[in-house]
Amino acid sequence: MSKVPHGTTSSSHRKIASYIPVGGDYQDSTAVGHGTHIAGIMVGKNPAASSDHGIAPEALSGEVLVTLELQSFLDTLTAESSPVRALKQHLHGFCGQPRFRQRLLVLGEDILLSDTDDEHILKPGDVQLVVVNFRSTSAPQVEELRGAAESGQTSVVETILQRPQDPDLGDPAPLLIASGRGHLEVARLLLEAKADKEKVNDTGASALLIAAYLGHIEVARLLLDAKADKDKAKYSGATPLYIAAQNGHLEVARLLLDAKADKEKAMNDGATPLYIAAHQGHLEVVPPLCSLQRALTVVRQFARAVGCCLPLAGGDG
């Protein structure tokens with residue numbers, strides 16, 4: 001937790017906005033006109049003094065963002081969870097901003113709660129939510145995040161995002177780099193910071209396509225869970241499914257098919273995932289892409305092309 005300097009005005013809204021939040025600048029701070037009460041906690045605009053038992057929503061002069069019963073909230077967390085981080089993640093659904101851009105001020109105590117504070121810091125009272133914009137970022141700071149994404153330094157990525165820093169700066173962007181390296185937890189942090197999952201590199205490849213290309217199935221699953229475009233093609237027309245089929249990544253192909261990827265979407269030259277899987281000799285990828293009868297036909301044609309004879313049940317020998 002961090003002590004913040006006392007403001008010079010009596011208005012809670014103005015007082016909070018006059019603070020320099022951790023990792024942010026005064027000009028980039030916005031005091032959200034809502035409150036949370038941890039009964040609980042209430043985050044609100046111009047909150048009244050709370051009683052020993054918490055504060056009712058109607059005691060706030062502004063609209064209540066959310067009211068939580070503290071013990072019930074803590075009971076939902078695992079032993080490894082940071083309560084403050086969990087609270088910020090919960091508030092994301094109400095304010096639309098990731099935890100990296102949230103600052104929580106305990107009113108009456110002038111304390112900023114950090115994501116690493118333990119559960120004893122959360123106690124019944126009023127908390128003001130302040131949303132901070134991204135800080136101006138130098139070229140070395142951009143490269144620092146990209147480098148941490150490439151090397152899988154999760155703690156460094158967390159620290160940088162807490163500044164807060166725009167997760168999409170740099171070319172290629174950090175999420176593209178982490179996806180290519182298979183760094184699952186780094187990719188998870190970047191997505192939590194609202195990194196653009198549809199951003200592409202100089203060939204038009206998205207993070208999902210890069211993960212599919214390299215067979216990083218867990219990263220691909222994470223991106224699909226985050227609603228990444230499963231059919232987003234690079235400039236050549238290749239989709240993630242096409243790339244998975246081309247490289248023989250059966251489990252990635254199955255994952256994409258389970259997500260309803262378009263198995264008929266072709267390259268600019270007309271090649272489909274089925275065609276490229278057969279052409280590259282990845283016959284294990286063929287069956288999920290088509291009917292059994294068509295799969296048998298494709299395998300038989302491939303066998304003839306390479307000059308071998310396969311006894312295929314249901315075929316004509």
Side-chain angles (χ1 to χ4, degrees), residues 149-150 152 172-173 175-188 191 197-315 317:
E150 182 171 19
L175 181 58
L176 293 170
I177 296 172
S179 298
R181 292 290 184 175
H183 296 316
L184 178 64
E185 294 309 314
V186 170
R188 194 188 309 278
L191 287 170
K197 51 189 173 289
E198 306 304 342
K199 203 172 179 69
V200 300
N201 64 13
D202 57 1
T203 68
S206 66
L208 178 58
L209 190 143
I210 291 171
Y213 176 79
L214 294 165
H216 297 316
I217 187 168
E218 293 306 322
V219 175
R221 192 189 315 278
L222 175 70
L223 290 161
L224 287 171
D225 288 344
K227 309 301 181 186
D229 185 348
K230 58 187 175 296
D231 293 316
K232 188 178 181 69
K234 58 192 297 189
Y235 301 141
S236 64
T239 64
L241 180 58
Y242 182 97
I243 291 295
Q246 179 185 54
N247 289 352
H249 297 312
L250 174 61
E251 294 308 315
V252 176
R254 284 177 171 165
L255 178 70
L256 290 162
L257 288 168
D258 288 344
K260 308 301 181 186
D262 185 355
K263 57 188 175 184
E264 301 300 333
K265 192 167 183 179
M267 286 267 287
N268 296 341
D269 62 6
T272 64
L274 175 60
Y275 168 84
I276 195 63
H279 181 74
Q280 295 293 103
H282 300 308
L283 301 186
E284 72 280 3
V285 182
V286 170
L289 293 169
C290 59
S291 66
L292 175 60
Q293 188 58 47
R294 190 177 180 190
L296 292 173
T297 300
V298 169
V299 173
R300 185 186 305 113
Q301 290 172 342
F302 176 79
R304 288 172 177 169
V306 298
C308 65
C309 181
L310 298 178
L312 300 174

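Predicted, not measured: the structure shown is a model, and the values here were computed from it.
Applying the ring-ring contact (aromatic ring centres under 6.0 Å, His included) test to every pair with at least one member in residues 222-274, sequence neighbours left out, gives no pairs at all.
The two residues A149 and V186 come nearest to each other via the heavy atoms CA-CG1, 3.8 Å. For the pair V286 and A277, the tightest heavy-atom approach, listed with the atom from each and the gap, is CG2-CB, 4.3 Å. Residues L257 and P288 share a closest heavy-atom pair of CD1-O, 3.4 Å. The two residues Q280 and Q246 come nearest to each other via the heavy atoms CG-O, 3.6 Å. Nearest approach of T272 to A266, heavy atoms of both residues: CG2-CB, 4.1 Å. In this structure, I210 and G180 approach most closely via the heavy-atom pair CG2-CA, 3.4 Å.
Atoms CD1 and NE2, from I276 and H282 in turn, are 8.0 Å apart once rounded to the nearest 0.5 Å. Remark: L256 CG to K230 NZ distance equals 9.5 Å, nearest 0.5 Å. Between the CG atom of D202 and the CG atom of L176 there is a distance of 10.0 Å, given to the nearest 0.5 Å.
Using a 4.5 Å heavy-atom cutoff, the side chains of K263 and L241 are in contact. Residues L175 and L191 form a side-chain contact, since some pair of their non-hydrogen atoms from C-beta on lies under 4.5 Å apart. Proximity of K197 to S206: side-chain heavy atoms (C-beta onward) are nowhere separated by under 4.5 Å. Using a 4.5 Å cut-off on side-chain heavy atoms (C-beta onward), L214 and N247 make no contact. The closest side-chain heavy-atom distance from K232 to V200 is below 4.5 Å. Considering only heavy atoms from C-beta on, L209 stays 4.5 Å or farther from T239 through its side chain.
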Q.
side chain to side chain contact (heavy atoms under 4.5 Å, CB included), that's the test. Do H216 and S179 meet it? Break it down for me.
A. CA-CA 8 Å; H216 297 316; S179 298; over 6 Å; no
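Applying the side-chain contact (heavy atoms from CB on, under 4.5 Å) test to R188 and every residue at least two apart in sequence or in another chain returns L184, E185, L222.
Judged by distance alone, with hydrogens and angles left aside, the side-chain atoms of K265 form a donor-acceptor pair with the main-chain N or O of D231 at under 3.5 Å.
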